[in-house]
Amino acid sequence: MKKLAQNFDEGEILGVGIGAPGQVDPEGGVKYPPNFPGWTVVYLAKEVGKITGLKTIVDNDANVAAIGEAKFGAGKEHPNFIMVTLGTGIGGGIIIGGKIYRGPTGGAGEIGHVTINFNGPKCNCGNYGCAEAYVGQKYLSSWVAEELKANSNSKIIELISGDLSKIEPYIISLAAEQGDEFAINVWKKTGFYVGVMLASVMNLFDITVAIIGGGVAKAGKILFDSINETVKSRALKPIAEKAIVIPAMLGNKAGILGAGALAFEELTYTSV
């Protein structure tokens with residue numbers, strides 16, 4: 001019998017679950033992911049199914065992370081929450097009544113493309129002033145590099161040996177941990193932008209819990225304090241009084257576990 005992965009026999013594998021960036025339609029088509037230049041519509045489920053010979057389920061990467069946290073992580077005690085992944089882009093998943101909300105075209109939860117400044121910079125999606133255009137990792141590194149020109153005493157300069165191309169969230173966090181005021185303010189400002197975005201989304205859906213994951217979220221307490229403070233100052237009072245913003249528990253495993261759970265439940269005819 002054919003061995004597919006880690007000593008599993010072919011008949012023991014039910015199917016494949018995938019989390020992909022961009023909007024994903026019910027047929028597993030990934031549509032115009034902003035951070036994948038050149039992609040238009042790719043029917044990923046069909047193509048992977050051809051290669052593996054297995055039934056394949058595809059959903060948005062932030063959606064599967066939300067499913068993972070809902071089933072196995074920080075969302076287990078919260079039937080309603082907003083999942084935000086802070087990485088190359090800003091992904092979002094909306095859990096309502098313990099189930100992912102996708103919308104009729106599969107595009108619900110694109111939180112990173114909430115406009116926080118209508119006169120802001122152009123985003124990869126084509127819009128202007130999206131939250132992602134301020135705190136997506138690429139944009140974050142870019143504006144930190146620009147601001148460092150006027151903050152040459154920052155510890156970040158030393159940590160990257162003066163090479164601005166090496167700026168990444170991990171480096172900014174290291175500098176902040178060493179008391180670097182500029183780096184601390186970077187995370188406070190980032191938290192402000194995320195909080196502005198979240199306050200609008202919480203008001204829209206009447207959801208008071210947000211779970212934050214992704215590489216940028218590893219900035220920790222400075223970032224989360226800023227997000228929470230901004231949400232509580234900007235959300236409608238009944239929501240602000242109950243609003244909490246907490247870190248995800250599963251790290252990079254959230255998407256893996258969520259995609260696996262999604263495939264299992266979809267292919268055994270139960271709903272997620």
Side-chain angles (χ1 to χ4, degrees), residues 17-36 39-46 48 56-71 73 75 78-116 118 123-133 136 194 196-214 235-236 239 248 254-255 257-267 269-272:
I18 297 175
Q23 293 191 17
V24 180
D25 68 23
E27 284 74 47
V30 181
K31 298 185 172 183
Y32 306 100
N35 295 306
F36 277 24
W39 279 41
T40 53
V41 181
V42 177
Y43 285 92
L44 194 59
K46 181 179 179 181
V48 172
T56 302
I57 304 297
V58 178
D59 204 344
N60 172 266
D61 54 353
N63 279 357
V64 296
I67 292 169
E69 291 290 342
K71 290 187 169 297
H78 302 288
N80 306 299
F81 67 85
I82 297 162
M83 178 78 191
V84 180
T85 57
L86 301 176
T88 302
I90 300 180
I94 302 167
I95 297 289
I96 299 175
K99 300 183 183 300
I100 193 74
Y101 175 70
R102 298 182 177 90
T105 66
E110 288 290 346
I111 291 169
H113 302 291
V114 169
T115 299
I116 61 173
F118 69 91
C123 179
N124 278 344
C125 74
N127 191 15
Y128 292 84
C130 295
E132 184 170 301
V194 174
V196 169
M197 171 193 73
L198 271 178
S200 294
V201 178
M202 286 176 157
N203 286 343
L204 181 64
F205 285 96
D206 189 19
I207 291 178
T208 59
V209 177
I211 297 173
I212 313 290
L236 293 171
I239 293 172
L257 292 170
L262 174 66
F264 180 80
E265 297 196 16
E266 290 281 340
L267 296 174
Y269 307 105
T270 58
S271 60
V272 179

Between CD1 on residue I67 and CG on residue N60, distance to nearest 0.5 Å
9.5 Å

Separation between CG (N203) and CG (L236), nearest 0.5 Å, reads 3.5 Å

Measure the CD1-CD distance between I116 and E132 for me, rounded to the nearest 0.5 Å.
11.0 Å

Between OG1 of T40 and OH of Y32, what distance do you get to the nearest 0.5 Å?
5.5 Å

Can you see which heavy atom on G103 is nearest to which on A108, and at what distance?
N-CB, 3.8 Å

I want to check something: taking the side chain as every heavy atom from C-beta on, are T105 and Q23 in contact at a cut-off of under 4.5 Å?
yes

Separation between CZ (F205) and CD1 (I96), nearest 0.5 Å, reads 6.0 Å

Beyond-backbone contact of R102 with D59, side-chain heavy atoms, under 4.5 angstrom:
yes

Side-chain contact, heavy-atom cut-off 4.5 Å: K71 with E265?
yes

Check whether any side-chain N or O of N80 sits under 3.5 Å from a backbone N or O of G97 as a donor-acceptor pair, and report yes or no.
yes

Beyond-backbone contact of V194 with V196, side-chain heavy atoms, under 4.5 angstrom
no

Note: A259 and G19 closest approach over all heavy atoms is CB-N, 4.3 Å

Side chain to side chain contact (heavy atoms under 4.5 Å, CB included), that's the test. Do I100 and I94 meet it? Break it down for me.
CA-CA 6 Å; I100 193 74; I94 302 167; 5.6 Å; no

Closest heavy-atom contact between A248 and G213?
CB-CA, 3.9 Å

4.5 Å side-chain heavy-atom contact, I82 and V209:
no

I'd like to check F36 versus V42 (side-chain heavy atoms, cut-off strictly below 4.5 Å). Are they in contact?
no

Is there a side chain to side chain contact (heavy atoms under 4.5 Å, CB included) between L198 and I212? Walk through the geometry before answering.
CA-CA 11 Å; L198 271 178; I212 313 290; 4.0 Å; yes

Can you tell which of D25, V58, V48 makes a side chain to side chain contact (heavy atoms under 4.5 Å, CB included) with Y43?
D25

Would you check if I57 and L267 make a side-chain contact, meaning some heavy-atom pair closer than 4.5 Å?
yes

Taking all non-hydrogen atoms of both residues into account, name the closest pair between M197 and A131 and its distance.
SD-CB, 3.6 Å

Please determine whether side chain to side chain contact (heavy atoms under 4.5 Å, CB included) holds for the pair V84 and I90, giving the CA-CA distance in whole Å, both sets of side-chain angles, and the decisive distance to 0.1 Å.
CA-CA 7 Å; V84 180; I90 300 180; 3.7 Å; yes

Value rounded to 0.5 Å, distance of SG in C125 from NE2 in H113:
5.0 Å

Measure the shortest side-chain to side-chain distance between T115 and Y128 over non-hydrogen atoms and say whether it is less than 4.5 angstrom.
no

Atom of A62, atom of M83 and distance for their closest heavy-atom approach:
O-CG, 4.2 Å

Residues V30 and P21: closest non-hydrogen pair is CG1-O, 3.2 Å

Show, in sequence, the C-alpha distance, side-chain angles and deciding distance for T85 and D61, and conclude whether the side-chain hydrogen bond (donor to acceptor under 3.5 Å, both in side chains) test is met.
CA-CA 9 Å; T85 57; D61 54 353; 5.6 Å; no

